[in-house]
J.: 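One structure, as structure tokens, below. Some questions next.
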There are 2 protein chains.
Amino acid sequence: MILSKSCEYAVRAAIYIALKTQQGEKTGIIAISEAIGSPTHFTGKILQALARKKVISSIKGPHGGFFIENPKDIYLVDIIKAIDGSGLFSSCVMGLKTCSDTKPCPMHEQIKPIRTQLLTEFSKKSVDELVKDFDKTGYFLR
Amino acid sequence: MILSKSCEYAVRAAIYIALKTQQGEKTGIIAISEAIGSPTHFTGKILQALARKKVISSIKGPHGGFFIENPKDIYLVDIIKAIDGSGLFSSCVMGLKTCSDTKPCPMHEQIKPIRTQLLTEFSKKSVDELVKDFDKTGYFLR
DNA sequence: ATAATAAAAGATAATTTTGTCTTTAATTAT
DNA sequence: ATAATTAAAGACAAAATTATCTTTTATTAT
């Protein structure tokens, strides 16, 4: 597993929210968790976290819900960093505290470009594009 | 984090064991956990798992301990699969059950080559080579 | 103002991962 | 045979992750 389960939920939720936003609707925790197949309240927590980090927006009360203001400017990497942090892109693959470019572990040079590619791909893909991709293929979010 | 903490311990332990094997010695749980900076008994469990999967060998009793028979034929990928399984190389990055080559998620094609590279690099590096690398750089395993 | 709606927040719990301690089994040396 | 050594196994516990339920707060509509 490259991303944590929470993070997978976060990504799928963001796509669903963006999809709804595009349709001019806000959407709630229940609809979201139903759409992406995640536990309702747990999903709420994750969305809270995303909202605090300004990845998504939320409004309370009737006709409130979650929405995403600028899906073109939110990238997968933003969601991943918000939920899982940036360990995936930085911490030593064999867990050596001292590992760095100047004092590399034996896998450092081999893993470095792979990490960079991961970061690149996750930085390239905006939520907006993800929605388009799903539209094309007849989307499924679970 | 690409690998679990347990798996990081496993990799470091395997290197230390191979190093000792090369020096004609078997080595015990206490020495290993001291060398790699891991909790003693927990390390025992991990080594047990590696032994069951034939990644390393062990002998009980006086002058017993852990050793590695064929460090040239044991690759990082073997350790990783033994401890973490193969989810890293296969499971959908956004957690979609239905994701596959024929019904790909929006990141499928982008992640695929990265996964392959991960698998390639982990499959290329034998424990024997890891030991040589550490010998070169003045090894540190914690 | 009041009621209804929906996210935020808090409390609690289950599960998984990580870590500790004790007992058992295998092997060796005396 | 007995004692010493060392991994294996089992029981237990702490911490992190994942999940559930309840209460509070903000907002809207009546």
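None of these values were measured; they are calculated from a predicted model. Just the heavy atoms: all of them, side chains too, but no hydrogens, waters or symmetry mates, feed the values below. Reminder, nothing fancy here: chain letters follow the sequence lines and each chain counts from 1.
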J.: Could you walk me through whether Ile79(A) and Phe122(A) pass the side-chain contact (heavy atoms from CB on, under 4.5 Å) test, one step at a time?
T.: CA-CA 9 Å; Ile79(A) 300 173; Phe122(A) 287 140; over 6 Å; no
J.: For residues 44-62 of chain A, which residues have at least one heavy atom under 4.0 Å from DNA chain D?
T.: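 Output list: Lys45(A), Lys60(A), Gly61(A), Pro62(A).
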J.: Run the side-chain contact (heavy atoms from CB on, under 4.5 Å) check on Met94(A) and Ile15(B) step by step: do they pass?
T.: CA-CA 11 Å; Met94(A) 46 205 297; Ile15(B) 295 171; 3.2 Å; yes
J.: Under the rule for side-chain hydrogen bond (donor to acceptor under 3.5 Å, both in side chains), what residues qualify as partners of Ser38(B), not counting sequence neighbours?
T.: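 Expected list: Thr43(B).
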J.: Mind running a 4.0 Å heavy-atom check of residues 1-35 of chain A against DNA chain C and sending the residues that fall below it, in number order?
T.: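 Within residues 1-35 of chain A, the residues near DNA chain C are Thr27(A), Gly28(A), Ile29(A).
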J.: Mind checking whether Leu3(A) and Phe89(B) sit in one hydrophobic cluster, side chains of I, L, V, M, F, W, Y counted as touching below 4.5 Å?
T.: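 Per the 4.5 Å side-chain linkage, Leu3(A) and Phe89(B) are co-clustered.
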J.: What residues form a side-chain hydrogen bond (donor to acceptor under 3.5 Å, both in side chains) with Lys5(A), not counting sequence neighbours?
T.: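 Not a single residue meets the side-chain hydrogen bond (donor to acceptor under 3.5 Å, both in side chains) criterion with Lys5(A).
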J.: Members other than Ile59(B) in its cluster, when Ile, Leu, Val, Met, Phe, Trp, Tyr link by side-chain heavy atoms under 4.5 Å?
T.: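 Result for Ile59(B) is Phe67(B).
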J.: With a 4.0 angstrom cut-off to heavy atoms of chain A, pull out the first and last contacting nucleotide of DNA chain D, in 5'-to-3' order.
T.: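 That gives a stretch of dT18(D) to dA29(D).
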J.: Nearest whole Å is fine: how far is dT18(C) P from Ile36(B) CD1?
T.: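 After rounding, the reported distance stands at 13 Å.
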J.: Please list all pairs meeting salt bridge (Lys or Arg N to Asp or Glu O under 4.0 Å) that have one or both residues in residues 129-142 of chain B, counting only residues at least two apart or in different chains.
T.: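 The answer is Lys125(B)-Asp133(B), Asp128(B)-Lys132(B), Asp133(B)-Lys136(B).
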J.: Tell me the bend of the helix from dA1(C)-dT30(D) to dT30(C)-dA1(D) as the angle between end helix axes, each from five pairs, rounded to the nearest 10 degrees.
T.: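 Roughly 0° between the end axes, to the nearest 10°.
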J.: If we only count heavy atoms from C-beta on, is the Ile32(B) to Lys20(B) side-chain gap below 4.5 Å?
T.: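 No, every pair of side-chain atoms sits at 4.5 Å or beyond.
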J.: Output all residues satisfying side-chain contact (heavy atoms from CB on, under 4.5 Å) with Lys124(A), sequence neighbours left out; order by chain, then residue number.
T.: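 Lys124(A) satisfies side-chain contact (heavy atoms from CB on, under 4.5 Å) with Thr120(A), Glu121(A) only.
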J.: Do Phe134(A) and Tyr9(A) share a hydrophobic cluster (ILVMFWY, side-chain heavy atoms under 4.5 Å, transitive)?
T.: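 Same hydrophobic cluster.
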J.: More than 12 heavy atoms of other residues, nucleotides or ligands under 6.0 Å from CD of Glu34(A): is that the case?
T.: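 No, not enclosed.
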J.: Is any side-chain heavy atom of Ile114(A) closer than 4.5 Å to a side-chain heavy atom of Ile2(B)?
T.: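 No, every pair of side-chain atoms sits at 4.5 Å or beyond.
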J.: Can you name the residues that form a side-chain hydrogen bond (donor to acceptor under 3.5 Å, both in side chains) with Ser100(A), not counting sequence neighbours?
T.: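 Ser100(A): side-chain hydrogen bond (donor to acceptor under 3.5 Å, both in side chains) contacts with Thr102(A).
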J.: For the CD1 atom of Ile68(B) and the OG1 atom of Thr21(B), what is their distance to the nearest 0.5 Å?
T.: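 Nearest 0.5 Å value for the CD1-OG1 distance: 6.5 Å.
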J.: Filter on salt bridge (Lys or Arg N to Asp or Glu O under 4.0 Å), then keep only pairs touching residues 67-85 of chain A, sequence neighbours left out; what's left?
T.: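 Residue pairs passing salt bridge (Lys or Arg N to Asp or Glu O under 4.0 Å), neighbours aside: none found.
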J.: Under a 4.0 Å heavy-atom cut-off, which of residues 76-87 of chain B touch DNA chain D?
T.: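 Here the set is empty: none.
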J.: Remember a base hit wins even if backbone is also touched, and classify His63(A) as base, sugar-phosphate or nothing at under 4.0 Å, heavy atoms.
T.: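 Since only primed, P, OP1 and OP2 atoms lie under 4.0 Å of His63(A), the category is sugar-phosphate.
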